[in-house]
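Structure first, then comments.
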Protein chains: 2
Amino acid sequence: MDSAPPAPPSSPPPSPWLPFESRRRARDEKREAVLRAAVQLFLEQGYHRVTLNEVAERLNITKPALYNYFRGKDEILFECWSMGAELVDSVITEINAGGGSGLARLRKLVHAYAALMATDFGASLVRFDLRDLTERNAAVARAAKKRIDATFRRYLADGIADGSVRPCDPKLAAFAIAGALNWIGHWYRRDGTLSPTGIADEFTVRLTEGLATESRQQMTKKTPRAPRRRNSGRKPPGKKRTGGTR
Amino acid sequence: MDSAPPAPPSSPPPSPWLPFESRRRARDEKREAVLRAAVQLFLEQGYHRVTLNEVAERLNITKPALYNYFRGKDEILFECWSMGAELVDSVITEINAGGGSGLARLRKLVHAYAALMATDFGASLVRFDLRDLTERNAAVARAAKKRIDATFRRYLADGIADGSVRPCDPKLAAFAIAGALNWIGHWYRRDGTLSPTGIADEFTVRLTEGLATESRQQMTKKTPRAPRRRNSGRKPPGKKRTGGTR
DNA sequence: CCGATATATTACCAGCGGGTAAGAAAAAGT
DNA sequence: ACTTTTTCTTACCCGCTGGTAATATATCGG
């Protein structure tokens, strides 16, 4: 999330491969540029309708050049998915680090997750079909999904235990909440009238108002804004891959 | 056109094309058999991974035979989708015919919709990608989706107006509810531990408890069972297509 | 300026899968 | 029984797209 020192002092053009410009940027930057282009196309048109030629063309290169960075189309898909998974993971890590009741943590998660669903890599979490991945990578993805689901359930269970959440079935409640959130990734449009933060705010109240023990409980309005530098201890920015290879 | 009487008195085997049996059933029955086989495969493996050969094979016929009933693969997809849309439409029609407060009707819709998501044709509503359709058919599908969304919003707005629902933004609330419901189509498994009616019951309370004006309002427990096809009264069996062609 | 290495290109292949043409085999009509 | 019509099969095509080989061009260390 807050990794990679923004950029060397130079303007960041959309594509590092300007037709005949200095194409000497670091390998990882190019890799990421491929992912950004790919995730956008995949979301726009759907994985199967996007050809590698299209991805390459958008980057001013040709198809085989992609194979310097990825083993194949499905690996690109997986890496896009992983980017989203890492975002969620870092959100969860941060919430876990902080305190609060079960309900409070649940609300933080709902808010952050809703906002994530309005981003490309976030949406890719729910719009890509894991069956397009190799069995190995699909297993990694399933595991990550399971962790996320478990987190929702744990916050709910914790909330019931500490009295901040009304008794309910955590499994089904988590499905309901996660479902409403995931669906954002399907209907949200950048050019629409609703802003990501607006959606996140509204969903936070809407999805938890029925669960809270006190009807008008104080809604901790702590929008994390810029994450303070104070998490210097845990989570080093360096390549914290979720796992998965081919 | 729709002269075909419902069915000759005989048992309905899974496939009307038993290897070398009497293959003289009515055309529409075969058409539907294709759709049932197709929707199952599409959900199992995903549209793009299913070949027409596979569909045909499961029916003990060969690929070109399918072209006697459909113009192409994408039309089969659309017809599957339409089956689901018709189910939802009939649910809505039925609820509209009955009375009740906005909240009461919303709850009926949530309950019926949740149950639908646990069926093949119901799930196809949210698991199929409309971009695989021709532009013409996609437009029909979008229109149907819009009608469904509008219904959710209307019930909410009605509920706010008649005082059964707390004031809220109907648009976002509808998105939240519909999202949670639609997601069922993605995680529900026939062989799981949760029953469709159990899910429907739970979701009905979970998704509306926060909206109700009175916390413990009487939950009208009128399970309308499965919306049986061939409901003799309304919706004449004759090709009441949603629209759409190629 | 010169090899070595990373990076990109041109040209190509192979398989898959939707779709079609032509004709066999049932069903239905007469 | 013979024709007509519907239904289904065998055989085929062809375009598309992921992936590869061989080669060219930067980039960099020296």
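Per chain, numbering begins at 1; letters A, B, ... match sequence-line order.
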Under 3.5 Å, side chain of B/Arg127 to main-chain N/O of B/Ala123, donor-acceptor pair present? no
Under 3.5 Å: donor-acceptor pair, side chain of A/Thr151, backbone of A/Arg147: yes
Select base, sugar-phosphate, or nothing to describe what A/Val50 touches, counting heavy atoms under 4.0 Å on all strands. sugar-phosphate
Under 3.5 Å, is there a donor-acceptor pair linking the side chains of B/His48 and A/Asp129? no
Taking atom types as modelled and ignoring hydrogens, do the side chains of B/Asn96 and B/Tyr155 form a donor-acceptor contact shorter than 3.5 angstrom? yes
Write down the distance between [atom1] ([X]) and [atom2] ([N]), rounded to a whole number of angstrom.
X: A/Leu52; N: D/dT20; atom1: CG; atom2: P; result: 11 Å
X: B/Asp74; N: C/dG17; atom1: CG; atom2: P; result: 17 Å
X: B/Phe70; N: C/dG18; atom1: CZ; atom2: C1'; result: 16 Å
X: A/Asn68; N: C/dA6; atom1: CG; atom2: C1'; result: 8 Å
X: A/His48; N: C/dG18; atom1: NE2; atom2: C1'; result: 16 Å
X: B/Asn53; N: C/dG19; atom1: CG; atom2: P; result: 12 Å
X: B/Glu57; N: D/dT9; atom1: CD; atom2: C1'; result: 15 Å

Considering only [options], which nucleotide approaches the side chain of [X] most closely?
X: A/Thr51; options: D/dT17, D/dA21, C/dG18; answer: D/dT17
X: A/Lys30; options: D/dA11, D/dG18, C/dA8; answer: C/dA8
X: B/Lys73; options: C/dG18, D/dT9, D/dG19; answer: C/dG18
X: B/Tyr69; options: D/dT7, D/dA21, D/dT9; answer: D/dT7
X: A/Ile61; options: C/dT9, C/dG19, D/dT9; answer: C/dT9

Show every donor-acceptor pair shorter than 3.5 Å between a side-chain atom in residues 177-188 of chain A and any protein atom, with sequence neighbours excluded, or say none if there are none.
{"unit_1": "A/Asn182", "atom_1": "OD1", "unit_2": "A/Tyr113", "atom_2": "OH", "d": "2.7"}
{"unit_1": "A/Asn182", "atom_1": "ND2", "unit_2": "A/Ala178", "atom_2": "O", "d": "3.2"}
{"unit_1": "A/Trp187", "atom_1": "NE1", "unit_2": "A/Trp183", "atom_2": "O", "d": "3.4"}

Below 4.0 angstrom from OP1 or OP2 of [N], is there any side-chain N or O of [X]?
X: A/Tyr67; N: D/dA21; result: no
X: B/Arg27; N: D/dT7; result: yes
X: A/Thr62; N: C/dT9; result: yes

Nucleic acid contacts of residues 37-47 of chain A, taken as heavy-atom distances under 4.0 Å to DNA chain C: none
Residue whose closest nucleotide on DNA chain C lies nearer the 5' end, A/Leu66 versus A/Lys63: A/Leu66
Run the salt bridge (Lys or Arg N to Asp or Glu O under 4.0 Å) test on A/Glu32 and A/Arg36 for me, step by step, so that the C-alpha distance in whole Å, both residues' side-chain angles and the decisive distance to 0.1 Å come before the verdict. CA-CA 6 Å; A/Glu32 255 197 57; A/Arg36 277 197 306 271; 3.6 Å; yes
Residues B/Lys108, B/Glu94: salt bridge by 4.0 Å N-O rule: no
